[in-house]
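One structure is given here, and the rest of the page talks about it.
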Amino acid sequence: MTRIPDSPASGDPRPGSHPGTSLILGTAGHIDHGKTSLVRALTGVDTDRLDEEKRRGITIELGFARYTPEGGTSFGIVDVPGHEGFVRTMVAGATGMDIVLMVVAADEGVMPQTREHLAIIRLLGVEGMVVAITKSDLVDEEWLELVDEDVRGLLAGTPYENVEIVPTSVQSGTGLTALSRALLRCGRQARERVTGDLARLPVDRVFAMEGAGTVVTGTLWSGRLVRGSTVRILPRGDQARIRAVQVHGAAEESAMAGQRTALALTGAAVRRGMIERGDVLVSDDSWSPSMMLTVELRALEGSGWRLEAGQRVRVHLGTIEVMARVALFDVEEVVPHEPALAQLRLEGPVVARSGDRFVIRSYSPVTTIAGGVVLEPIPPKRKRLSDDERLSLTALSRGGPHAVKGAVALAGWSGLETSAVGVRAGWRAGAIDDPADSLFRLDRVLFDPAIASAGEDLLLAAVRRHHRDHHLAAGAPLGVLRTALPARAHPRLADGLAARLVEQGRLIVEGKEARLPGFEAALSPDEERLSERVVAVLHDADLQGPTTAELAALLGDPPAMEALLGFLSERGRVRLLGDAYWVCQTALDRAARSVVEELGGREGLGPADFREVIPVTRKHLIPILAHLDALGVTMRLDTGRRVTPDWTPGSRASSPGG
């Protein structure tokens, strides 16, 4: 399988296959070294199905067979071409391998495509390998030992230097049993795939079959696909329905991760022939095509090529090949043994996941020169990296919980939806609880702790500034909090952080205002003197109070007039009536008592009736009556107002007729 060490993108790593385990076994090696013949000897299946392949005696397209030796493990074999002209096809088959069967002919030994196929296998992160030395019956024992040494020299210093090497002959049957046992032992060390992951199947073949319609095949990289369910065909985004599922030629209700799968599809896009090799079938909306990838690159030693900034290359990811330009961040050239962070600016869309492995081949002449791992599958365009971004990308390259935290940190103020973690961090669906424990979670959005801390500081600073600039206000309007964060912040982040600050006792929210603990609006000595003047003016005006502008003019237009009136209003000393007139609260209380005493219990009263008790102009009377309505002193009926007979401050009006 394609897997990044320590990354659970393909499932939690659990060494040890169990009965019924299905693994993908891919061949690799130079042309005419006997890969297809060896597969036929093991399985009885000739994977060269094309007339041209049989006529020319070489493998051109991917071939497939099922191998079920005794021991419980079932292998889906992918036989790849060995000719240098078909490396693109070889890469398409190699990307789904769990184990590689490297084939080296005894009469020729290690050859150029042996080396290139090994490089591709390493770049794709295939962990398991068994080497078969074929045609051993054509050489003597001494020569066979030299070939064995040649192979061990090739593998020295690689993850495969201790793999089993088995001499074989398909003519005599020599070594086939030993090879089968070696494959089973290697298979027991393979890491299992998890079906609860996001489903993804890169398409490597598309063909029409009578009675089935359009059929696509591929290795199911992750998840599970079920007959009758709907899939998306990316990058175009069309939908199709799975009419039938086959695994190694047998009809099944579903296909599991790690199985060679054939799907009969139906749908408008399928009928129009809009599906081809390189497309990807997915089962949900977590996936998106991208024209750019942030990656960690590794140059291949001994290729004779340089990998430089701005270079045009061929990128092989899954079953697709796409041209791209290399944009390097920290260096001008990628040097072997020194991984480099870069972005690949693609000339066509790809569907990727953080942790995916890819291969880079030169534009012309075509040869394998590098590879790497996808870090950001859907990144913003970056020209340079900050120190924090570099650290986050490094975390992504480590996989597992580190990758989750790295992806969340890169999401910044926008946060990362939990539904996106599977693709953006390569973490399988439903398994983010552990790494998320150290993150700030707001519903289904995850934020880096540093973002949450910085956001809290911004909220508290905004409230503190409001207290300083508006010291007579009881608190800062909640809108002040929501505008304190950067414009790119998630729209609910301010409210979420404010709630946490309240829970921690660092902020107090009452109604639509927020204040810091210990803050209390207070008048300065100058404002205290001004407030007494305000109350005195309003007391003299009685119920025919002035507007704000009139009051300010009377007092010499002091700059803090509106704030001061708000302060006095909150403390019940003055009141604004009808959004226009200020009156003293004592005058209003006196008017309310007079109305109850003079008119209590009467109904059908109009403004003229009230002017007998409240001798003011009509422009002042109407807002006063509205205030009395709000207090419950009066109640508006169809026939006029009714005065509550038993009203006292703090009571409410009786219902009509009550």
Side-chain angles (χ1 to χ4, degrees), residues 2 49-50 52 60-64 78 86 88-96 198-247 249 251-252 254-255 257 259-293 314-324 344-353 356 358-359 374 377-378 422-423:
T2 302
R49 66 187 186 280
L50 302 179
E52 184 179 358
I60 297 173
E61 266 292 351
L62 299 175
F64 309 99
V78 181
F86 302 116
R88 175 183 177 182
T89 302
M90 180 270 170
V91 176
T95 49
L198 303 173
R200 176 172 52 154
L201 186 143
V203 175
D204 55 36
R205 287 178 62 206
V206 181
F207 56 91
M209 178 177 288
E210 186 175 352
T214 297
V215 176
V216 301
T217 69
T219 298
L220 187 53
W221 277 15
S222 57
R224 179 171 178 257
L225 292 175
V226 180
R227 183 173 69 88
S229 63
T230 299
V231 293
R232 294 170 62 218
I233 306 170
L234 298 179
R236 282 176 295 276
D238 299 301
Q239 290 192 335
R241 187 175 63 85
I242 302 175
R243 294 178 55 191
V245 177
Q246 285 194 356
V247 177
E252 302 284 355
S254 63
Q259 293 181 328
R260 280 297 306 176
T261 305
L263 304 174
L265 301 178
T266 182
V270 175
R271 290 191 294 272
R272 294 195 300 270
M274 297 177 66
I275 185 169
E276 58 189 3
R277 172 184 283 180
D279 287 346
V280 181
L281 303 186
V282 298
S283 59
D284 58 52
D285 295 330
S286 301
W287 306 90
S288 296
S290 177
M291 295 290 290
M292 194 183 319
L293 302 171
R314 301 172 186 270
V315 178
H316 296 260
L317 195 157
T319 57
I320 195 172
E321 177 191 51
V322 61
M323 302 302 299
L344 298 176
R345 312 282 164 75
L346 307 169
E347 297 179 16
V350 300
V351 179
R353 181 182 200 176
D356 281 352
F358 60 88
V359 172
V374 174
I378 313 169
V423 172

**Item:** Distance (rounded to the nearest 0.5 Å) between Leu234 CG and Ser288 OG
**Value:** 7.5 Å
**Complete:** Applying side-chain contact (heavy atoms from CB on, under 4.5 Å) to Met291 and not counting sequence neighbours gives Pro349
**Message:** Between Ile242 and Val226, is there a side-chain heavy-atom distance shorter than 4.5 Å?
**Reply:** no
**Prompt:** To the nearest 0.5 Å, how far apart are CG in Leu263 and OG in Ser229?
**Reply:** 8.5 Å
**Prompt:** Quick one: CG on Asp238 to CD1 on Ile275, what's the gap to the nearest 0.5 Å?
**Reply:** 9.0 Å
**Request:** State, yes or no, whether a side-chain contact exists between Thr217 and Gln246 at a heavy-atom distance under 4.5 Å.
**Result:** no
**Request:** Please report the shortest heavy-atom distance between Val203 and Arg205, naming the atom on each side.
**Result:** CG1-O, 3.4 Å
**Request:** For the residue pair Met292 and Ile378, establish whether any side-chain heavy-atom pair is separated by less than 4.5 Å.
**Result:** no
**Message:** Could you measure the distance from the CD atom of Gln259 to the OG1 atom of Thr261? Nearest 0.5 Å is fine.
**Reply:** 5.5 Å
**Item:** Leu281 CG to Trp221 CH2 distance, which is reported to the nearest 0.5 Å
**Value:** 12.5 Å
**Message:** Give me the atom names and distance for the closest heavy-atom approach of Arg260 to Val78.
**Reply:** CD-CG2, 3.9 Å
**His316 side, atom NE2; Glu321 side, atom CD - distance, nearest 0.5 Å** = 4.0 Å
**Fill in**
By side-chain hydrogen bond (donor to acceptor under 3.5 Å, both in side chains), Arg227 pairs with (sequence neighbours left out) Glu253
**Stepwise side-chain contact (heavy atoms from CB on, under 4.5 Å) test for Leu344 and Phe358** = CA-CA 11 Å; Leu344 298 176; Phe358 60 88; 4.0 Å; yes
**Taking every non-hydrogen atom, the tightest pair across Ile233 and Met274** = CG2-O, 4.5 Å
**Prompt:** Can Arg241 and Thr266 be counted as having a side-chain donor-acceptor contact under 3.5 angstrom?
**Reply:** no
**Where Ser254 and Val247 come nearest, the two heavy atoms and their spacing** = O-CG2, 4.3 Å
**Contact check, side chains of Val231 and Val282, non-hydrogen atoms, under 4.5 Å** = no
**Asked** Got Leu346 and Ser290 here, is their nearest side-chain heavy-atom distance under 4.5 Å?
**Response** no
**Request:** For residues Trp287 and Val280, determine if any side-chain heavy atom of one lies less than 4.5 Å from a side-chain heavy atom of the other.
**Result:** no
**Request:** Would you check, one step at a time, whether the test salt bridge (charged side-chain N to carboxylate O under 4.0 Å, His left out) holds for Asp284 with Arg200?
**Result:** CA-CA 9 Å; Asp284 58 52; Arg200 176 172 52 154; over 6 Å; no
**Complete:** What one should report as the nearest heavy-atom pair of Ala199 and Leu225 is CB-CD2, 3.8 Å
**Prompt:** Where is the tightest heavy-atom contact between Leu293 and Pro377, given as atom of each residue plus distance?
**Reply:** CD2-O, 3.5 Å
